[in-house]
Amino acid sequence: MTMLPDNETPPPEQSEVDRLRAENTLLRTEKDLLLKAAIGFATDAGAFQRRHDKPETR
C-alpha cells in the first residue's frame, strides 16, 4: 500500500489495486483451505491407496 500524507486521498487506480490485492489474498487463502478439505475427503474415501510395485497391464 502506498503511504500518503494525511490530507491526500489515493488516486482511484491505487485504491482499486489495493482492493484487488486484498481480494487476491483472500481468494488464495480460501483456495488453500478448500484444497486441504478436498484432500481430507479424498483420503477418508480411500482415494489415496498405495500402488502395487508392478504397473497395471492394459
For residues F48 and I39, report the shortest heavy-atom separation together with the two atoms involved.
CE1-O, 4.0 Å
Any chance you could measure R21, atom CZ, to Q14, atom CD, to the nearest 0.5 Å?
6.5 Å
Mind checking the NZ-CG spacing from K31 to L35? Nearest 0.5 Å is all I need.
6.5 Å
Any side-chain heavy-atom pair of K36 and L33 under 4.5 Å:
no
